[in-house]
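Per chain, numbering begins at 1; letters A, B, ... match sequence-line order. Predicted model, so just to flag it, every value in this text is computed and none were measured.
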Amino acid sequence: MTLLITVFAAVITTAIWYKKNDEKMLLGPLCWMFWGASIMWFVDAIFEYAELKAEYFTPALEDMINDTFLGLSVVALALVIWVVILLIKDPRGTVRNKLKKK
Amino acid sequence: MACFLVPGTEAIVVTAAALLLKRYEQKKTEVKIGTNNTSAETQKKSGFAGKLFWLAELLWGGVILLAFEHLWYGEVVPFFPFLTAATEGPAAVSEMLGEMASVGVTMAVLVTVIWIGMVLISAAIEKRPTTEKAEVTV
């Protein structure tokens with residue numbers, strides 16, 4: 001479930017990055033983050049599948065709920081990291097201008 | 001258990017290499033501008049350092065999110081010795097090292113292989129004529 005949620009996040013972010021083609025939004029780091037985690041969790045899934053075989057695809061409800069929460073938390077963490085990078089780098093100068101006005 | 005430490009180590013090495021290469025490429029470009037009067041477009045073209053940063057970002061991104069997962073499951077703790085397995089005896093440490101050698105190394109290798117593929121594809125895309133040029137030739 002965590003892998004699935006991260007892959008969806010990676011695909012959606014990459015599609016937005018391609019459509020917007022706006023370097024000032026710094027979507028690149030977010031794409032790399034999601035894809036990097038997706039690849040690593042994919043490897044994890046392969047090893048788990050090799051151990052559990054068909055059982056891998058029928059997880060217990062409790063495990064699924066826990067994995068879903070983890071997946072959503074991972075997406076939230078990645079988004080928070082991206083916002084922090086965006087505000088610190090401030091490519092549009094919005095934060096700088098706001099601070100100067102004060 | 002601590003599989004993310006392997007790609008994490010690779011991320012540190014790759015980032016250091018990318019930073020060094022970037023500095024070297026910048027120096028090289030400065031010399032070229034001084035002697036050959038290189039155009040601004042050539043200066044803008046990212047060298048291999050830029051592509052090495054792709055790998056670094058891919059690795060760091062994965063490592064950060066995986067570290068969070070390990071924290072979630074209690075395999076990593078925010079205090080010494082940081083790895084739960086380290087406090088559970090030699091059997092747990094052995095299992096952890098085994099996982100690092102199998103899962104961790106595979107993660108690092110797969111990310112690197114995918115990055116090599118991306119570099120090759122991007123080189124092919126860079127060689128393609130731009131959209132405007134393509135329209136003119138048709």
Problem set entry | Most contacts with chain B, counted as non-hydrogen pairs under 4.5 angstrom, among G36(A), P29(A), G28(A), C31(A) |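 Of G36(A), P29(A), G28(A), C31(A), G36(A) has the most heavy-atom pairs under 4.5 Å with chain B.
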Proximity breakdown for [X] and chain B, heavy-atom pairs closer than 4.5 Å:
{"X": "F42(A)", "answer": "side chain"}
{"X": "I81(A)", "answer": "side chain"}
{"X": "S73(A)", "answer": "both"}

Exercise. Can you pull the salt bridge (charged side-chain N to carboxylate O under 4.0 Å, His left out) pairs that have at least one residue in residues 6-34 of chain A, sequence neighbours excluded?
Worked result: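 Applying salt bridge (charged side-chain N to carboxylate O under 4.0 Å, His left out) to every pair that reaches into residues 6-34 of chain A, excluding sequence neighbours, yields D22(A)-R92(A).
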Exercise. Which one of I64(B), V63(B), L66(B), L59(B) has the most heavy-atom pairs closer than 4.5 Å to chain A?
Worked result: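 Maximum pair count with chain A is reached by L66(B).
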Exercise. More than 12 non-hydrogen atoms from neighbouring residues, nucleotides or ligands closer than 6.0 Å to OH on Y56(A), yes or no?
Worked result: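 Counting other residues, nucleotides and ligands, OH of Y56(A) exceeds 12 neighbours.
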Exercise. Does some side-chain heavy atom of L30(A) sit less than 4.5 Å from a side-chain heavy atom of W17(A)?
Worked result: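 The answer is no; the side chains never approach within 4.5 Å.
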For this session: Check whether any side-chain heavy atom of F57(A) sits under 4.5 Å from a side-chain heavy atom of Y49(A), and report yes or no.
Result: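 When only atoms from C-beta onward are counted, Y49(A) and F57(A) do touch, with a gap below 4.5 Å.
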Exercise. Is there a path of hydrophobic side-chain contacts, each under 4.5 Å between heavy atoms of I, L, V, M, F, W or Y residues, that connects L26(A) with L77(A)?
Worked result: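 As far as the 4.5 Å side-chain criterion goes, L77(A) and L26(A) are connected within one cluster.
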Exercise. Quick one: do I65(A) and L70(A) end up in the same hydrophobic cluster if we chain Ile, Leu, Val, Met, Phe, Trp and Tyr together by side-chain heavy atoms under 4.5 Å apart?
Worked result: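 Same cluster.
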Problem set entry | Contact listing (chain A partner; residues 81-105 of chain B; heavy atom under 4.5 Å) |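 Within residues 81-105 of chain B, the residues that come under 4.5 Å of chain A (heavy atoms only) are S102(B), V103(B).
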Exercise. Side chain, backbone, both or neither: which part of F4(B) has a non-hydrogen atom closer than 4.5 Å to chain A?
Worked result: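 Nothing of F4(B), per the 4.5 Å heavy-atom cut-off to chain A.
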Exercise. If you round to the nearest 0.5 Å, how far is CH2 of W35(A) from OG1 of T14(A)?
Worked result: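 Nearest 0.5 Å value for the OG1-CH2 distance: 5.5 Å.
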Problem set entry | Any donor-acceptor N or O pair under 3.5 Å, side chains E10(B), T112(B) |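 Yes, side-chain donor-acceptor contact under 3.5 Å.
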Exercise. What's the verdict on side-chain hydrogen bond (donor to acceptor under 3.5 Å, both in side chains) for T6(A) and W41(A), showing C-alpha distance, side-chain angles and the deciding distance?
Worked result: CA-CA 9 Å; T6(A) 319; W41(A) 268 314; over 6 Å; no
